[in-house]
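Below, chains carry the letters A, B, ... as their sequence lines are ordered, and counting in each starts from 1.
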2 protein chains.
Amino acid sequence: MKLSTRGRYGARLMIDLAAHYGKGLVLLKDLASRQHLSAKYLDQLMLSLRRAGLVKSKRGVKGGFQLAKPPEEIRLLEVVEAVEGPLDLVDCVAHPEGCPRSRKCVTLEVWEEVGREIRQVLARRTLADLAQRQQQKEGAPF
Amino acid sequence: MKLSTRGRYGARLMIDLAAHYGKGLVLLKDLASRQHLSAKYLDQLMLSLRRAGLVKSKRGVKGGFQLAKPPEEIRLLEVVEAVEGPLDLVDCVAHPEGCPRSRKCVTLEVWEEVGREIRQVLARRTLADLAQRQQQKEGAPF
DNA sequence: CAATTTGGCTACTAATTTTGTAGACTATCA
DNA sequence: TGATAGTCTACAAAATTAGTAGCCAAATTG
């Protein structure tokens with residue numbers, strides 16, 4: 001019941017990109033060194049984020065990454081689902097037909113409800129919110 | 001971000017025990033065959049549930065298991081946490097001192113909030129609720 | 001156009017976690 | 001005292017996650 005590194009790193013990555021929004025492209029290696037993460041691994045996360053339509057990239061000498069839309073329009077939920085896959089507590093929520101018990105399963109309903117709740121919390125936060133809070137914290141003494 | 005089999009089986013186990021509450025001890029092997037699970041694996045889950053004070057057991061010839069308190073007083077949250085451990089999305093919620101970033105980490109707050117929400121949903125359901133719903137569903141045509 | 005930079009993508013390996021099994025031990029009852 | 005049934009630790013197999021390697025494709029610059 002833990003978020004994997006993909007979700008955690010993905011969130012940090014996108015908040016970083018949000019902080020640089022409107023200031024041109026950001027290099028993957030800069031992102032990696034700022035966040036103390038392996039560039040090669042971030043590379044993979046970027047693949048997912050790009051395919052989900054959350055970041056745009058440009059290759060070659062003056063290349064880099066940037067958010068595909070303003071940080072106000074990107075919710076943390078989208079980011080996490082892009083890199084982690086659907087946020088359900090159990091697979092049978094998405095594929096109830098695979099389980100013969102699903103029709104008579106009381107716990108299934110509960111797992112569904114928890115999933116909805118998780119998505120709601122994550123959908124409340126946009127990258128703009130988070131980037132702003134981040135900046136406030138940076139300024140604080142510690 | 002999935003619940004493991006421990007949480008899923010644990011819930012089914014306890015709902016089964018709730019349905020038999022007040023009717024004497026239940027044998028592990030009966031529990032296992034009713035739920036189509038390995039007795040040896042359930043054995044382990046029972047260990048956790050007993051240590052958490054949720055079930056009582058008796059050894060020997062007329063032994064078996066039963067809930068340690070009435071089903072109305074056991075919440076799904078207790079069951080899941082007993083077999084899965086603390087329901088936090090990230091470890092740094094429980095151990096922020098291990099991460100140098102924790103003080104300035106904006107995502108930490110979000111993960112904490114999600115954790116609270118998950119616990120709230122699971123705390124709303126008691127084993128009595130679930131066992132009753134279960135019985136209703138059993139009776140239904142399909 | 002050739003060299004260099006930077007992202008795109010696939011495949012693989014290593015580490016970790018999850019899922020289960022084996023087996024020896026202990027209590028209880030007839 | 002022998003059979004039954006829970007207790008507990010350790011181990012093994014399977015699955016998932018985390019991270020690396022390496023080659024390809026596009027853009028820029030000289």
Side-chain angles (χ1 to χ4, degrees), chain A residues 1-13 17 20 24-33 35-68 80 82-91, chain B residues 1-13 17 20 24-33 35-68 80 82-91:
Chain A
M1 251 301 299
K2 293 276 180 281
L3 213 58
S4 75
T5 55
R6 290 181 65 92
R8 303 207 310 274
Y9 297 176
R12 284 164 58 187
L13 226 52
L17 282 180
H20 288 81
L25 297 169
V26 176
L27 289 182
L28 184 64
K29 62 178 178 185
D30 292 346
L31 223 37
S33 76
Q35 300 294 331
H36 305 101
L37 301 172
S38 139
K40 270 296 188 184
Y41 194 34
L42 293 198
D43 183 19
Q44 289 196 8
L45 300 187
M46 280 305 193
L47 196 62
S48 303
L49 291 166
R50 197 175 53 80
R51 284 177 174 167
L54 299 176
V55 305
K56 279 193 292 196
S57 60
K58 192 182 172 200
R59 304 211 266 192
V61 174
K62 294 206 164 171
F65 293 91
Q66 69 185 104
L67 295 185
V80 177
V83 294
E84 292 253 344
L87 283 179
D88 276 311
L89 245 51
V90 294
D91 285 324
Chain B
M1 252 300 298
K2 294 277 181 280
L3 212 59
S4 75
T5 56
R6 290 180 65 92
R8 303 207 311 274
Y9 296 177
R12 285 163 59 187
L13 225 54
L17 280 181
H20 288 81
L25 297 170
V26 176
L27 290 182
L28 184 65
K29 62 178 177 184
D30 292 344
L31 223 37
S33 76
Q35 300 294 332
H36 304 102
L37 301 171
S38 138
K40 270 297 190 184
Y41 194 34
L42 294 198
D43 182 19
Q44 288 198 7
L45 300 188
M46 280 304 193
L47 197 62
S48 304
L49 291 166
R50 196 173 54 81
R51 285 176 174 166
L54 299 177
V55 304
K56 279 193 292 196
S57 60
K58 193 182 173 200
R59 305 212 264 191
V61 174
K62 293 208 165 169
F65 294 92
Q66 68 186 104
L67 296 185
V80 176
V83 294
E84 292 253 344
L87 283 178
D88 277 311
L89 246 51
V90 295
D91 284 325

To the nearest angstrom, how far is [X] atom [atom1] from [N] atom [atom2]?
{"X": "A:F65", "N": "C:dT6", "atom1": "CZ", "atom2": "C1'", "result": "9 Å"}
{"X": "B:D30", "N": "D:dT4", "atom1": "CG", "atom2": "P", "result": "14 Å"}
{"X": "A:M46", "N": "C:dT6", "atom1": "CE", "atom2": "C1'", "result": "13 Å"}
{"X": "A:K29", "N": "C:dG7", "atom1": "NZ", "atom2": "C1'", "result": "12 Å"}
{"X": "A:L45", "N": "D:dT17", "atom1": "CG", "atom2": "C1'", "result": "12 Å"}
{"X": "A:L3", "N": "C:dT17", "atom1": "CG", "atom2": "C1'", "result": "16 Å"}
{"X": "B:D43", "N": "D:dA10", "atom1": "CG", "atom2": "P", "result": "15 Å"}
{"X": "B:L47", "N": "C:dG23", "atom1": "CG", "atom2": "C1'", "result": "16 Å"}

5' priority, DNA chain C, between A:M1 and A:Q44 [closest heavy atom]: A:Q44
Can you tell me how far apart CG (B:L45) and CG (B:L37) are? Round to the nearest 0.5 Å. 8.5 Å
Here the gap from A:M1 atom CE to B:L89 atom CG, rounded to the nearest 0.5 Å, amounts to 5.5 Å
Candidates [options] - which lies nearest the side chain of [X]:
{"X": "B:Y41", "options": "C:dG20, D:dA5, C:dC9", "answer": "C:dG20"}
{"X": "A:T5", "options": "C:dC9, D:dG6, D:dG19", "answer": "D:dG19"}
{"X": "A:K40", "options": "D:dA5, D:dA21, D:dC8", "answer": "D:dA21"}
{"X": "B:L28", "options": "D:dG6, D:dA5, C:dC9", "answer": "D:dG6"}

Find which nucleotide of DNA chain D each of A:R6 and B:V61 is nearest to by heavy atoms, and output the residue with the more 5' nucleotide. B:V61
Does OP1 or OP2 of [N] have a side-chain N or O of [X] closer than 4.0 Å?
{"X": "B:K58", "N": "C:dC29", "result": "yes"}
{"X": "B:S4", "N": "C:dT17", "result": "no"}
{"X": "A:Y9", "N": "D:dA18", "result": "no"}
{"X": "A:R59", "N": "D:dC24", "result": "no"}
{"X": "A:K62", "N": "D:dT29", "result": "yes"}
{"X": "A:S57", "N": "C:dG8", "result": "yes"}
{"X": "A:S38", "N": "D:dT20", "result": "yes"}

Checking side-chain contact (heavy atoms from CB on, under 4.5 Å) against B:L17, which of B:V55, B:L25, B:L54 comes through? B:V55
List the steps and the verdict of side-chain hydrogen bond (donor to acceptor under 3.5 Å, both in side chains) for A:S4 and A:Y9. CA-CA 9 Å; A:S4 75; A:Y9 297 176; over 6 Å; no
So what does B:R51 touch, heavy atoms closer than 4.0 Å: a base, only the sugar-phosphate, or nothing? sugar-phosphate
Heavy-atom side-chain contact between A:Q44 and A:R6 under 4.5 Å: yes
Main-chain N/O of B:G7 paired to B:E84 side chain as donor or acceptor, under 3.5 Å: yes
